[in-house]
Amino acid sequence: QVQLVESGGGLVQPGGSLRLSCAASGFTFRKYAMNWYRQAPGKERELVAGIESTDGPTNYGDSVKGRFTISRDNAKNTVYLQMSSLKPEDTAVYYCNARYRSVTYYWGQGTQVTVSS
């Protein structure tokens with residue numbers, strides 16, 4: 001079965017850091033672009049970051065540029081999101097997804113990130 005399983009979320013103080021992981025199985029991970037989205041209460045789901053299957057080109061939402069870094073390890077079928085200088089407005093459920101030729105195929109269940117003192 002296809003699975004995308006996020007982990008690494010939790011409670012962190014403003015200015016702190018977290019590293020999220022998304023472990024993939026059941027499909028050819030290396031052929032898919034991987035993305036992180038987030039959704040906070042009362043807000044629309046937004047793109048956080050994306051990385052192409054070539055493990056080169058990346059893109060980021062404006063609100064996280066300079067603070068977050070996406071990376072992938074195709075040998076481990078895992079995509080990561082390193083988050084630094086966290087702000088309360090980063091609080092959200094973070095989801096990973098997989099795309100092939102710009103079409104979304106799979107979603108994970110999400111992991112909660114809460115930034116609060």
Side-chain angles (χ1 to χ4, degrees):
Q1 287 187 319
V2 170
Q3 283 191 292
L4 293 173
V5 181
E6 300 95 335
S7 62
L11 176 64
V12 63
Q13 294 188 358
S17 299
L18 281 175
R19 190 191 194 195
L20 305 183
S21 298
C22 176
S25 60
F27 66 100
T28 308
F29 176 81
R30 62 180 175 82
K31 294 185 177 181
Y32 287 75
M34 300 299 298
N35 305 273
W36 288 96
Y37 286 81
R38 69 185 183 187
Q39 188 163 26
K43 297 182 66 177
E44 296 183 351
R45 184 176 61 192
E46 64 175 339
L47 176 68
V48 177
I51 186 167
E52 298 296 333
S53 61
T54 57
D55 195 18
T58 59
N59 63 283
Y60 297 91
D62 288 341
S63 63
V64 306
K65 287 181 179 177
R67 299 188 298 120
F68 291 10
T69 302
I70 188 171
S71 62
R72 68 190 295 161
D73 186 340
N74 286 344
K76 296 181 178 180
N77 286 356
T78 301
V79 62
Y80 305 94
L81 184 68
Q82 178 66 51
M83 305 184 294
S84 300
S85 301
L86 284 162
K87 305 173 181 179
E89 51 263 45
D90 295 318
T91 296
V93 177
Y94 285 71
Y95 303 88
C96 67
N97 84 351
R99 293 178 180 173
Y100 182 74
R101 296 183 181 273
S102 300
V103 176
T104 296
Y105 280 79
Y106 312 116
W107 283 97
Q109 294 300 306
T111 186
Q112 177 71 49
V113 173
T114 302
V115 184
S116 177
S117 58

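Computed over heavy atoms, backbone and side chain alike; hydrogens, waters and symmetry mates excluded.
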Within the structure provided, determine whether Thr91 and Gln112 are in side-chain contact (heavy-atom separation under 4.5 Å). yes
Separation between OG (Ser84) and CG (Leu18), nearest 0.5 Å, reads 9.0 Å
Determine whether Ser116 and Leu11 make a side-chain contact, defined as any pair of heavy atoms from C-beta on separated by less than 4.5 Å. yes
I'd like to check Tyr94 versus Cys22 (side-chain heavy atoms, cut-off strictly below 4.5 Å). Are they in contact? no
Heavy-atom pair with the smallest gap, counting every atom of Thr78 and Ser21: CG2-CB, 4.2 Å
Heavy-atom nearest pair, Ala24 first then Phe29, reads CB-CD1, 3.4 Å
In this structure, would Val5 and Ile51 fall into the same cluster of hydrophobic residues linked by side-chain contacts under 4.5 Å? no
Between Arg72 and Ala33, what is the shortest heavy-atom contact and its length? NH1-CA, 4.0 Å
Please confirm whether the backbone N or O of Val113 pairs with a side-chain atom of Arg38, one donor and one acceptor, at under 3.5 Å? no
Closest heavy-atom contact between Tyr60 and Ala49? CD2-CB, 3.5 Å
Arg67 versus Met83: any side-chain heavy-atom pair under 4.5 Å? no
Say you draw a straight line from CE of Met34 to CG of Leu81; how long is it, rounded to the nearest 0.5 Å? 11.5 Å
Are Leu47 and Tyr80 connected, step by step, through hydrophobic side chains (Ile, Leu, Val, Met, Phe, Trp, Tyr) whose heavy atoms are closer than 4.5 Å? no
State, with a plain yes or no, whether a side-chain heavy atom of Ser63 is found less than 4.5 Å away from one of Glu89. no
For Ser17 and Ser85, the nearest pair of non-hydrogen atoms, with its separation, is OG-N, 4.4 Å
Steps toward salt bridge (charged side-chain N to carboxylate O under 4.0 Å, His left out) verdict (Asp62, Lys65): CA-CA 5 Å; Asp62 288 341; Lys65 287 181 179 177; 3.2 Å; yes
Please determine which of Val2, Asn97, Asn35 meets the side chain to side chain contact (heavy atoms under 4.5 Å, CB included) test together with Trp107. Asn97
With side chains defined as the heavy atoms from C-beta onward, is the minimum distance between Tyr106 and Tyr32 less than 4.5 Å? yes
Take Leu4 and Tyr105 through the test side chain to side chain contact (heavy atoms under 4.5 Å, CB included) and record every step on the way to the result. CA-CA 11 Å; Leu4 293 173; Tyr105 280 79; over 6 Å; no
What is the distance from atom CD1 of Ile70 to atom CD of Gln82, rounded to the nearest 0.5 Å? 12.0 Å
When you look at CD of Gln39, are more than 12 heavy atoms from neighbouring residues, nucleotides or ligands closer to it than 6.0 Å? yes
For Glu6 and Leu20, indicate whether the former's side chain and the latter's backbone hold a donor-acceptor pair under 3.5 Å. no
Taken to the nearest 0.5 Å, the spacing of Ser25 OG from Gln3 CD works out to 4.5 Å
If I compare all heavy atoms of Phe68 with all of Val48, which pair ends up nearest, and what's the gap? CD2-CG1, 3.6 Å
